[in-house]
Participant: 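There's a structure below that I have some questions on.
Numbers here are sequence positions counted from 1. Values below: every heavy atom of this structure, side chains too, minus hydrogens, waters and symmetry copies. Just so we're clear, the structure is a prediction, and the values are computed from it rather than from any experiment. In listed order, ligands and their atoms are each counted from 1.
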Amino acid sequence: MLVVEDISEIAGRFENSPPQEIVSWAVGTFNKDIAFACSFGLEDLCIVDMIVKAGPETNIFYLDTSLLFKETHELIAKLEDRYGIKFECVKTECTLEQQANQHGDDLWTVNPDLCCNIRKVAPLKKKLSTLKAWMTGIRRDQTPERASAKTVEQDKKFGLVKINPIVKWTSGDTKDYIMKHGIPYNPLHDQGYPSIGCQPCTFPVKPGEDPRSGRWKGFAKKECGLHK
Ligand code: SF4
């Protein structure tokens, strides 16, 4: 088991390492005790590609809120076909109907934090409780909350090691990797959606606007609660 001092040392060692090296270390170190939480954004597609090359048996899961775009589901099928893998679908037991009965219709329009807690954070917490480490595709320049993320860190919220292999990358680095490796991506990215989540909470943005400004429009919210 890695202790906190080890984690800081490893993070320092990997600060300038290529992401593929970090991914290889992560899957080799944690084997069946690590999983990658995939949202199928451009960043996460790069990580999927790296994981398949480093350890195709590695568990890759996604949070199905029952509110994802049909284009996202189509992309999932395309990726499974390309890589010959199966993504694990993780979802809350609370159906949309039960949620509406308990909290009112369209909870995301009145209390998106609660909606994200029910549909994303709670099922993620349950999934992570079975693991010793998880991997994410976050980048430091995406949000202020992510600016201090390390390549390897202790996730105090969920109580396990968190590995962020492309934390130093820019959006341009991500796109370059996608193009270079011919990785299929969500067609909505070419229709003004740089960041794609649930359908009711994702809107297109104009060129030059903050890429995440199309998420939870009208609310100060910038994160689902997975990376705070
Ligand atoms: S992104 Fe929106 S719809 Fe999806 S879980 Fe969060 S609040 Fe609910």
Side-chain angles (χ1 to χ4, degrees), residues 35-45 47-48 60-77 79 87-131 134-139 141-147 149 155 157-158 162 164 171 174 185-206 209-228:
F36 172 50
C38 185
S39 69
F40 303 102
L42 294 179
E43 291 76 13
D44 289 5
L45 300 180
I47 306 274
V48 168
I60 305 177
F61 70 94
Y62 66 101
L63 297 168
D64 185 353
T65 58
S66 305
L67 291 159
L68 298 178
F69 284 89
K70 93 172 165 30
E71 287 85 349
T72 303
H73 288 292
E74 287 165 2
L75 176 62
I76 291 169
L79 291 165
F87 297 108
E88 182 190 355
C89 173
V90 172
K91 67 193 298 184
T92 175
E93 285 166 12
C94 178
T95 64
L96 289 172
E97 193 181 5
Q98 287 167 333
Q99 180 169 299
N101 287 340
Q102 285 171 30
H103 302 288
D105 287 338
D106 303 345
L107 180 60
W108 48 89
T109 62
V110 285
N111 192 342
D113 281 340
L114 178 58
C115 186
C116 276
N117 271 332
I118 294 168
R119 315 212 71 75
K120 292 184 175 181
V121 181
L124 176 72
K125 195 171 178 185
K126 193 170 165 194
K127 169 71 185 173
L128 295 187
S129 70
T130 66
L131 300 167
W134 69 308
M135 213 176 325
T136 85
I138 62 169
R139 292 187 290 105
D141 66 2
Q142 284 173 315
T143 66
E145 287 86 355
R146 298 180 186 188
D155 186 332
K157 177 166 183 170
F158 295 113
K162 184 175 180 182
N164 311 306
S171 168
T174 310
Y185 59 89
N186 197 321
L188 293 173
H189 286 307
D190 293 331
Q191 295 166 39
Y193 296 81
S195 175
I196 301 166
C198 295
Q199 191 157 12
C201 298
T202 306
F203 300 88
V205 303
K206 295 198 182 83
E209 280 184 341
D210 174 359
R212 286 183 72 84
S213 62
R215 305 286 298 275
W216 303 287
K217 239 182 166 69
F219 291 91
K221 184 175 169 68
K222 284 279 167 278
E223 292 275 0
C224 308
L226 311 185
H227 301 295
K228 275 182 189 163

Participant: In this structure, are over 12 heavy atoms from other groups packed under 6.0 Å from Lys125 atom NZ?
Facilitator: no
Participant: Numbering the atoms of ligand 1 from 1, which are under 4.0 Å from a heavy atom of Lys120?
Facilitator: 1 (S)
Participant: Tell me if the CD atom of Gln191 is crowded by more than 12 foreign heavy atoms within 6.0 Å.
Facilitator: yes
Participant: For atom 6 (Fe) of ligand 1, does an N/O/S atom of Cys116 lie at less than 2.8 Å?
Facilitator: yes
Participant: Listed by chain and number, what are the side-chain hydrogen bond (donor to acceptor under 3.5 Å, both in side chains) partners of Lys91, not counting sequence neighbours?
Facilitator: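 So Lys91 forms a side-chain hydrogen bond (donor to acceptor under 3.5 Å, both in side chains) with Ser66.
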Participant: Strictly under 2.8 Å, is any N, O or S atom of Cys201 next to atom 4 (Fe) of ligand 1?
Facilitator: no
Participant: Go through ligand 1 atom by atom and flag the ones less than 4.0 Å from a non-hydrogen atom of Leu67.
Facilitator: 3 (S)
Participant: Checking ring-ring contact (aromatic ring centres under 6.0 Å, His included) between Phe40 and each of Phe69, Phe87, Phe61, which is the one that passes?
Facilitator: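 That would be Phe87.
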